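Have a look at the structure below, then the notes.
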Amino acid sequence: GIQVEQSPPDLILQEGANSTLRCNFSDSVNNLQWFHQNPWGQLINLFYIPSGTKQNGRLSATTVATERYSLLYISSSQTTDSGVYFCAVERGLLTGGGNKLTFGTGTQLKVEL
Amino acid sequence: DTGVSQDPRHKITKRGQNVTFRCDPISEHNRLYWYRQTLGQGPEFLTYFQNEAQLEKSRLLSDRFSAERPKGSFSTLEIQRTEQGDSAMYLCASSPSEGQGARETQYFGPGTRLLVL
């Protein structure tokens, strides 16, 4: 099956700092989503971004599908940004992947005052 | 639109007991998914429904696990003869089907935390 690798695995930031999280995937994908999992376990949708660039407030994401990676940018980080960030991909029915998301192992982010 | 809901949020059971979880998807979503997440890992796919049809099952879904979506609305996931290794967070997600726009985006519920003693 498709492999999804995220880096770094852990990240500690001072409030106000910027960061870049990376997601590499091993095959072409039909769907790519970024999630934030809060301390209570809720997965919060950040971006649906199989290709291109999107921005939402202090967060932005870029996926370069031809090179099989995606980046999540967090600017002016806040303590409420703490949690685990997951990248998840779906290969799609036509490429034999079905309709399931395959998740990376996540980046654990801690933002300190 | 109240989002995906799951019940119960927490379940503690003894090894060997049966448990059942419920998921209510976003009302206009035809696709419903179950995932399992263990500590320190990303969620792993278990099974997927398109309306009432169960279209795909993971090898993780042993014969002790069964999922249903009888009327194409809510879904249940039952685990029979629970084992300590079943302890995990069970997540449900839903998405629109093709032709409904943003068809691939999956929205997740809050999960059910299962602890098997």
Side-chain angles (χ1 to χ4, degrees), chain A residues 1-7 9-10 21 23-25 28-52 54 56 61 63 65 70 83-108, chain B residues 1 3-6 8-10 23 26 29-51 53-61 67 88-98 100-115:
Chain A
I2 193 167
Q3 304 300 311
V4 183
E5 296 181 351
Q6 292 185 244
S7 60
D10 299 280
L21 281 56
C23 171
N24 292 332
F25 44 97
S28 58
V29 298
N30 196 42
N31 172 14
L32 187 146
Q33 292 183 241
W34 282 97
F35 296 91
H36 175 213
Q37 189 165 42
N38 66 21
W40 297 272
Q42 175 74 58
L43 279 166
I44 300 164
N45 287 63
L46 298 178
F47 295 101
Y48 164 71
I49 187 166
S51 63
K54 290 186 178 179
N56 184 4
T63 298
S70 183
V84 184
Y85 289 80
F86 286 106
C87 165
V89 301
E90 178 194 332
R91 291 192 59 204
L93 282 172
L94 293 180
T95 52
N99 288 91
K100 55 183 177 286
L101 286 174
T102 299
F103 283 75
T105 51
T107 293
Q108 175 81 56
Chain B
D1 178 4
V4 179
S5 61
Q6 293 187 244
R9 296 290 306 277
H10 303 272
C23 170
I26 294 171
H29 287 185
N30 294 334
R31 294 179 175 176
L32 186 148
Y33 310 80
W34 286 98
Y35 293 82
R36 181 173 70 184
Q37 185 178 22
T38 54
L39 200 61
Q41 302 296 316
E44 296 175 289
F45 171 79
L46 292 179
T47 190
Y48 146 66
F49 291 85
Q50 170 83 29
N51 298 313
Q54 188 173 18
L55 297 186
E56 188 172 353
K57 293 194 292 185
S58 163
R59 282 171 288 183
L60 292 175
L61 213 65
M89 170 85 93
Y90 290 84
L91 293 160
C92 177
S94 70
S95 71
S97 58
E98 289 190 45
Q100 294 188 18
R103 60 183 176 86
E104 303 294 349
T105 304
Q106 294 188 24
Y107 297 88
F108 281 77
T112 295
R113 288 188 187 273
L114 173 66
L115 177 61

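Bear in mind the structure is a predicted one, so any value in this text is a computation, not a measurement. Throughout, protein chains are lettered first and strands after them, A, B, ... in sequence-line order, and every chain is numbered starting at 1.
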Side chain, backbone, both or neither of Glu44(B) within contact of chain A (heavy atoms, under 4.5 Å): neither
Approximate separation, where rounding is to 0.5 Å, of Lys100(A) NZ and Leu46(B) CG: 11.5 Å
Gap separating the OH atom of Tyr33(B) from the CD atom of Glu90(A), nearest 0.5 angstrom: 6.0 Å
Any donor-acceptor N/O pair, Gln42(A) side chain to Phe108(B) backbone, under 3.5 Å: yes
Flag, side chain of Gln33(A) to backbone of Gln106(B), donor-acceptor distance under 3.5 Å: yes
Gln108(A) versus chain B, the contacting section by heavy-atom distance below 4.5 Å: neither
Best-contacting candidate, Gly111(B), Gly40(B), Ala93(B), Gly109(B), against chain A by heavy atom pairs under 4.5 angstrom: Gly109(B)
Close side-chain approach of Phe103(A) and Tyr35(B), heavy atoms under 4.5 Å: yes
Chain B contacts, top residue of Leu101(A), Asn31(A), Thr102(A), Val84(A) (heavy-atom pairs, under 4.5 Å): Leu101(A)
Minimum heavy-atom distance Pro43(B)-Leu43(A), with the two atoms named: CG-CD1, 4.0 Å
Closest non-hydrogen atom pair between Arg113(B) and Trp40(A), with its separation: NH2-O, 3.6 Å
